[in-house]
Amino acid sequence: MKIFMRQGKVVLKNGKVMYCKECPCDCTPKTIAATTLDPPYTDSTWDLSGYTGDGIGTPGGVWRLIEIGDCNTYANGSINSAGKLVGLPSSFGSTYHYKSSMRVEQGCVNPDHSTSWPSSCA
């Protein structure tokens, strides 16, 4: 068992230290990758293969592939004990005809089971 920590501090629930098998220990919400897709003026396919291996995210956290402008989530999943973004596609292709700001974000699960994300898209 591990002690559940958030940004270097031990997380308490009802005054007791939280323990878990796989925690987002010291998890910090962050942007893992970002790009702007601008079809038809540029290649509208984002190569995500560099983010599909181990050591990319914080174990026990979660991830999402999101368009920031409209807060559309296209894919999401968990981060395993090796830091792999489970289920992240190797590429993402936009079919829209407008510029879109895309991100792969790491979220951290809070003690109340909500998720903290780095962007304002909840």
Side-chain angles (χ1 to χ4, degrees):
M1 298 295 267
K2 297 179 183 178
I3 295 175
F4 193 158
M5 298 183 72
R6 170 87 62 222
Q7 298 177 346
K9 297 179 182 176
V10 174
V11 176
L12 301 177
K13 185 172 184 178
N14 299 326
K16 296 181 180 180
V17 174
M18 288 185 61
Y19 292 93
C20 53
K21 290 181 182 177
E22 187 174 300
C23 309
C25 297
D26 281 334
C27 182
T28 301
K30 67 179 179 179
T31 298
I32 293 172
T35 194
T36 300
L37 300 176
D38 193 12
Y41 305 108
T42 61
D43 182 6
S44 61
T45 301
W46 186 15
D47 179 11
L48 296 168
S49 61
Y51 305 99
T52 59
D54 293 344
I56 303 299
T58 301
V62 293
W63 65 269
R64 67 182 178 181
L65 173 61
I66 188 168
E67 179 189 10
I68 296 301
D70 291 331
C71 294
N72 291 326
T73 298
Y74 293 96
N76 59 63
S78 61
I79 302 174
N80 72 14
S81 61
K84 182 176 180 158
L85 310 184
V86 178
L88 180 72
S90 60
S91 65
F92 174 79
S94 176
T95 57
Y96 300 111
H97 297 287
Y98 59 87
K99 186 184 286 189
S100 56
S101 296
M102 303 295 300
R103 289 187 190 171
V104 175
E105 294 183 336
Q106 171 179 286
C108 301
V109 181
N110 298 312
D112 66 0
H113 303 291
S114 65
T115 302
S116 295
W117 296 101
S119 68
S120 60
C121 296

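Atoms considered below: every heavy atom in the structure, side chains included; atoms not considered: hydrogens, waters and symmetry mates.
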For a side chain to side chain contact (heavy atoms under 4.5 Å, CB included) check, start with the C-alpha distance between I68 and M102, then their side-chain angles and the critical distance, and finish with the verdict. CA-CA 6 Å; I68 296 301; M102 303 295 300; over 6 Å; no
Can you tell me how far apart [atom1] ([X]) and [atom2] ([Y]) are? Round to the nearest 0.5 Å.
X	Y	atom1	atom2	result
W117	K30	CH2	NZ	13.0 Å
L48	F92	CG	CZ	9.0 Å
S81	I79	OG	CD1	11.5 Å
T36	R103	OG1	CZ	9.5 Å
Y51	S90	OH	OG	13.5 Å
Y74	L65	OH	CG	8.5 Å

Quick one: do the E105 and S119 side chains pair a donor with an acceptor below 3.5 Å?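 Yes, because at least one side-chain N or O of E105 sits under 3.5 Å from a partner of the opposite role on S119.
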Assess, by modelled atom type and distance only, whether the side chains of S116 and N110 contain a donor and an acceptor separated by less than 3.5 Å.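 Result is yes, a qualifying pair exists.
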For [X] versus [Y], what's the shortest heavy-atom pair and its separation?
X	Y	result
G83	P59	N-CG, 4.1 Å
W63	G87	CZ2-C, 3.6 Å
T58	Q106	N-OE1, 2.7 Å

Residues two or more places apart in sequence or in another chain: which of them pass side-chain hydrogen bond (donor to acceptor under 3.5 Å, both in side chains) with S49?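 In terms of side-chain hydrogen bond (donor to acceptor under 3.5 Å, both in side chains), with neighbours along the sequence ignored, S49 is linked to D47.
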Test V104 against I66 for side chain to side chain contact (heavy atoms under 4.5 Å, CB included), laying out the working first. CA-CA 6 Å; V104 175; I66 188 168; over 6 Å; no
Apply side chain to side chain contact (heavy atoms under 4.5 Å, CB included) to the pair N80 and L85, showing each step before the final yes or no. CA-CA 7 Å; N80 72 14; L85 310 184; over 6 Å; no
Run the numbers on T45 and S91 for side chain to side chain contact (heavy atoms under 4.5 Å, CB included), then give the verdict. CA-CA 7 Å; T45 301; S91 65; 4.0 Å; yes
Going by heavy atoms in the side chains, are I32 and I56 under 4.5 Å from each other?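 When only atoms from C-beta onward are counted, I56 and I32 do touch, with a gap below 4.5 Å.
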